[in-house]
Amino acid sequence: GAGVSQSPSNKVTEKGKDVELRCDPISGHTALYWYRQSLGQGLEFLIYFQGNSAPDKSGLPSDRFSAERTGGSVSTLTIQRTQQEDSAVYLCASRPDRDSSYEQYFGPGTRLTVT
Amino acid sequence: DAKTTQPTSMDCAEGRAANLPCNHSTISGNEYVYWYRQIHSQGPQYIIHGLKNNETNEMASLIITEDRKSSTLILPHATLRDTAVYYCIVRVDRGSALGRLYFGRGTQLTVWP
């Protein structure tokens with residue numbers, strides 16, 4: 001079946017502009033996660049959704065970052081007034097809602113470049 | 001979540017077993033050991049996880065020591081496509097912690113012909 005999809009695959013934006021990144025999780029997955037990976041670094045957790053609510057948003061680095069999820073499906077990560085340090089690959093993952101299964105399925109990521 | 005320590009890089013000949021170690025000496029009783037890998041320019045891929053017993057699936061085997069302070073991921077017959085960064089993660093699977101994965105730097109495994 002279809003995996004996690006993200007769009008756009010690449011985004012170049014000027015410093016100070018706002019950007020929106022989209023994630024389409026695997027159908028039926030109730031849990032959704034956002035991570036980011038800076039060049040040469042490991043993954044950094046940003047936010048976790050269970051359904052439409054976010055019980056853990058502790059990884060968002062500043063109030064310029066926000067995320068929402070509607071209909072228990074698509075999620076949008078918004079970065080306002082982008083800065084050069086926001087340049088990274090933003091990864092989305094989803095997880096099936098089964099007690100015996102905790103693996104997360106990752107999308108291909110959105111590469112964000114702030115110039 | 002407990003911290004993990006992995007070697008920065010390892011090499012393996014194609015067709016041979018790749019044994020990737022991970023230390024997690026501060027692991028607590030309810031924390032699971034997870035392994036993911038990330039092939040260049042792709043999102044991470046789940047491999048296997050375990051609590052205290054050894055586990056095996058179609059991709060790999062996971063050997064956890066009796067004291068649970070370390071584990072080894074085994075790829076029994078490595079191929080060139082197994083070249084990737086391998087992440088060992090220790091995590092509690094409950095409540096609001098049922099979410100975040102803490103990825104360290106991982107081990108860059110290079111499989112050579």
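All values reported here derive from a predicted model rather than from experimental measurement. In what follows, every chain begins at residue 1, and chains take the letters A, B, ... in the order their sequences are listed.
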Q: Under 4.5 Å between side-chain heavy atoms, hopping through other hydrophobics if needed: is there a path connecting A:F49 to A:I26?
A: no
Q: Okay, side chain of B:Y36, backbone of A:Q104: is any donor-acceptor separation there less than 3.5 Å?
A: yes
Q: State, yes or no, whether a side-chain contact exists between A:L43 and B:Q38 at a heavy-atom distance under 4.5 Å.
A: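 In short, these two side chains touch, coming nearer than 4.5 Å.
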Q: Measuring from B:Y46:OH to A:F106:CZ, what's the distance to the nearest 0.5 Å?
A: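 Answer for the OH-CZ pair, B:Y46 versus A:F106, is 13.0 Å.
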Q: Counting heavy atoms not belonging to B:R16, are there more than 12 under 6.0 Å from its CZ?
A: no
Q: Consider only side-chain heavy atoms of I, L, V, M, F, W and Y, link residues closer than 4.5 Å, and tell whether B:L62 and B:M59 are in one cluster.
A: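 Yes, it is one cluster - the side chains of B:L62 and B:M59 are joined through contacts under 4.5 Å.
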Q: Does one hydrophobic cluster hold both B:I64 and B:L75, with members joined at side-chain heavy-atom distances below 4.5 Å?
A: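 B:I64 and B:L75: one cluster.
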Q: Cluster question for you: counting only ILVMFWY and a side-chain heavy-atom cut-off of under 4.5 Å, with indirect links fine, are B:I63 and B:Y86 together?
A: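 Unlinked, B:I63 and B:Y86 end up in two clusters.
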Q: Give, for atom CD1 of B:I48 and atom CD of A:E103, the distance between the pair rounded to the nearest 0.5 Å.
A: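 Answer for the CD1-CD pair, B:I48 versus A:E103, is 11.0 Å.
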Q: Which atoms form the tightest heavy-atom contact between B:Y87 and A:Q37, and what is the distance?
A: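 Closest pair (atom of B:Y87, atom of A:Q37, distance): OH-NE2, 3.5 Å.
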Q: With a 4.5 Å heavy-atom cut-off, do A:Y35 and B:F103 have their side chains touching?
A: yes
